[in-house]
Amino acid sequence: MSAPASSGSKFPRNMRGVLGGWARVSHANFERWLYLMHRLTGLVVGLYLIAHLAETSDIVPAYLSGDENIWNNLMQSLYTPEAHAGLLIIAAFAVYHGLNGVRLFLAASGVGVGRPIRPEWPYAPVSLRSFQRSLGWLFIAVTLILTAYAFYELFVVTHFV
Amino acid sequence: MAASEQKQLEFKVPNLEGVEKPIKNVIFRVSRFDPDRDREPYYRDYEVPVYRFTTVLDGLLYIKYNLDPTLAVRYSCRMGVCGSCAMIVNGRERLACKTNVLSLNSNIVTVRPINNLPLIRDLVTDLRPFFEKHKKVMPYIIRDDIEAHQDREFLQSPAELNEYMMLTDCIKCGLCYSACPTTATDALFLGPQALAQAYRYTIDSRDAGAALRFDVVDDPHGVWRCHFAGACSAACPKGVDPAFAIQQLKKLLLYKRNAMKSRKPAPESEKVREGTSVEEVLKSMPKEWPSPPAPK
C-alpha cells in the first residue's frame with residue numbers, strides 16, 4: 001500500500017477561502033484586522049473607480065452632441081445627501097487604504113518591524129509589538145480626522161449652510 | 001550576626017489540589033471525518049474528566065483509550081518539541097500538548113484539524129504540501145566549498161548569529177500555515193514557514209545561496225503574496241516570528257538583491273576541529289556492524 005493519496009476527491013482540501021481565511025476574526029491580532037480592512041477598502045475603492053469612469057465618461061456624449069444638459073443633469077442627480085454619503089465612505093476608505101499601504105511599504109523595507117531577538121517565554125513576536133503597530137493606530141486616527149473633515153465639506157458646507 | 005539567628009528553611013507543602021482527583025468534566029467537541037464513510041467533517045461530543053495539568057492532548061488520548069478508539073490524532077513528544085499535535089483549539093491555532101484545558105476557561109473545548117492542508121482523517125492533515133514548500137526554498141547552507149572542508153568550522157560573530165537565531169526554533173508544526181489568510185485562498189503560496197526559512201538561510205553569513213533562493217521566493221506566489229497580516233507570528237507556539245522574517249526578505253529583494261547575490265560567505269576557521277577528521281572516521285568504520293546478541 002502506498003501512502004494515503006490525499007489529493008483524491010474524497011479527501012477535503014480544507015482550504016478556508018475568503019470567509020474563513022481573509023475574514024476570519026476569531027482571536028485576530030491587530031495587524032490581521034488592518035489586513036482585513038485593507039482588503040475590504042481596496043475592493044470598494046476599486047469598484048468605485050470603475051463607477052467613476054462610467055460616470056465621468058458621460059462628458060463624451062455631452063461634448064459630441066453639444067448638449068450641456070446631459071452632463072449637468074448627471075451632476076444634478078448626484079448632488080444629493082445619499083450620493084454624498086457614498087462619497088464620504090469612499091473618502092474614508094481611500095484614505096485608510098493609502099495610509100495603510102504606506103505602512104506596508106515601510107514594513108517591506110524593514111522599517112518598524114523591530115530587530116531579531118532570542119525568543120523567551122512568554123513569547124511576544126517582535127514584529128507585532130514594534131513601531132509599525134503604533135503606525136497602524138496613528139493612521140487610523142488620521143483616517144478618522146480626515147473623514148470628519150470630509151463630512152464637514154460634503155454635508156455641513158453643501159447641505160446645511 | 002550569630003548563626004542561631006539564621007532563619008529556618010520553610011518547607012512548603014505543594015498544592016496538590018486537582019492533581020489526584022478531577023476538578024471538573026469538560027465537553028470535548030472533536031471534529032471527526034472518515035474518508036471512507038463521510039463526505040464532510042462533523043463534530044462529536046465527549047465528556048472528559050479534567051485534572052489540574054490535563055492538556056488537550058491528554059483529553060484526546062483519554063477519549064481514544066476510554067470512549068472511542070477510532071479517533072485519529074497525530075502526536076509524538078508531548079512537550080512542544082516535535083510539532084505533530086498542531087490543531088485548532090477553541091478557534092485558535094495551538095499545540096494540543098502545550099495547551100492546558102483549564103487555562104482555556106471554557107466548559108466546551110472545540111478541537112479541529114489545522115486549516116489549508118488536505119484532511120486525511122479526524123484531526124490528521126496531510127503535511128506533504130507544507131514540507132514540499134519547505135524543501136523548495138533550499139533550507140540548508142549552500143556554498144561551493146562545503147564538501148571540501150568538513151573538518152573546519154566557518155567563522156561567525158555573535159551578531160551574525162543573532163540575525164537568524166530566532167528562526168531556528170521552528171518545529172514545522174504547520175500552525176502558521178493554518179493561520180495565514182493568504183494560504184486560505186492561494187494553494188501555490190509558499191507559506192510563512194517556508195519563507196521564514198528562506199530568510200533564515202539567506203541571511204546566514206556562512207551561506208552563498210542567495211541567488212538560488214531569490215529565484216524561488218521572488219515570485220507572485222512567493223514573498224510578494226504576503227500582505228503582513230501577522231497571523232503567523234501570533235500563532236507560532238515557539239516564538240518564531242515569520243512575519244518579521246518575510247518583511248526582511250522583501251527588504252533584501254528590494255534593496256540588497258545584488259549585494260546578497262555577490263556576498264562572500266564567511267571564511268573557514270584556520271583551526272582544524274578537534275577530534276578525528278572525517279577521513280579517519282571513515283577509515284576506522286567497520287565493514288560490517290556487529291549484530292546484536294540473539295534473544296535467549
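Chain letters run A, B, ... following the sequence lines, proteins first and then strands; every chain starts at 1.
- At a 4.5 Å heavy-atom cutoff, the contact between N115(B) and chain A is made by backbone and side-chain atoms alike.
- Closest approach of A235(B) to A179(B), counting heavy atoms only: CB-CB, 3.8 Å.
- Note: K238(B) leads R39(B), M165(B), K238(B), E93(B) in heavy-atom pairs under 4.5 Å with chain A.
- Here Y75(B) contributes atom OH and L95(B) contributes atom CG; the two are 15.5 Å apart, rounded to the nearest 0.5 Å.
- Only the backbone of I114(B) comes within contact range of chain A, with heavy atoms under 4.5 Å apart.
- E40(B) has no carboxylate O lying under 4.0 Å from a charged side-chain N of R32(B), or vice versa, which leaves the two without a salt bridge.
- No more than 12 heavy atoms of other residues, nucleotides or ligands sit less than 6.0 Å from atom NZ of K136(B).
- Put simply, CD1 on I246(B) and SG on C232(B) are 5.0 Å apart, with the number rounded to the nearest 0.5 Å.
- Residue with the most contacts toward chain B among A108(A), G21(A), S130(A), G20(A): A108(A) (heavy-atom pairs, distance under 4.5 Å).
- For Y164(B), no part lies under 4.5 angstrom from a heavy atom of chain A.
- When heavy atoms are compared at a cutoff of 4.5 Å, R37(B) does not approach chain A at all.
- Top candidate by heavy-atom pairs under 4.5 Å with chain B, chosen from G17(A), G114(A), P122(A), A23(A), is G17(A).
- Proximity to chain B is limited to the side chain of R24(A), based on heavy atoms less than 4.5 angstrom apart.
- The side-chain contact (heavy atoms from CB on, under 4.5 Å) with R200(B) is formed by just one residue from the set I203(B), T202(B), D204(B); it is D204(B).
- For L117(B), the part lying under 4.5 angstrom from a heavy atom of chain A is the backbone only.
- Contacts between Q248(B) and chain A at a heavy-atom distance below 4.5 Å involve the side chain alone, from C-beta outward.
- The closest side-chain donor-acceptor pair between Q197(B) and H134(B), if any, does not fall under 3.5 angstrom.
- Salt bridge absent: D219(B) and R225(B) never bring a charged side-chain N and a carboxylate O closer than 4.0 Å.
- Between the side chains of E31(A) and Q132(A), at least one donor N or O lies within less than 3.5 Å of an accepting N or O.
- One distance of note links CG of L78(A) with CG of L74(A); it measures 5.0 Å at 0.5 Å rounding.
- With respect to the salt-bridge test (charged N to carboxylate O, under 4.0 angstrom), the residues D218(B) and R213(B) do not qualify.
- Heavy atoms of R32(A) lying under 4.5 Å from chain B belong to its backbone as well as its side chain.
- Along residues 79-105 of chain A, the residues that come nearer than 4.5 angstrom to chain B, judged on non-hydrogen atoms, are R103(A), L104(A), F105(A) in order of number.
- Using modelled atom types and a 3.5 Å distance limit, the side chains of T55(B) and N100(B) yield no donor-acceptor pair.
- Neither the backbone nor the side chain of E120(A) comes within less than 4.5 Å of any heavy atom of chain B.
- Neither the backbone nor the side chain of P242(B) comes within contact range of chain A; no heavy atom of the residue lies under 4.5 Å from a heavy atom of that chain.
- N116(B) and R13(A) share no side-chain donor-acceptor pair at under 3.5 Å.
- Using a 4.5 Å cut-off between heavy atoms, T183(B) contacts chain A through its backbone alone, with no side-chain atom that close.
- At a heavy-atom cut-off of under 4.5 Å, chain B is reached by Y35(A), R39(A) from residues 33-46 of chain A, listed in order of number.
- Aromatic ring centres of W71(A) and Y63(A) lie farther apart than the 6.0 Å criterion allows.
- A donor-acceptor pair shorter than 3.5 Å can be found between the side chains of Y255(B) and S109(A).
- Side-chain contact, D241(B) with S233(B): a donor N or O sits under 3.5 Å from an acceptor N or O.
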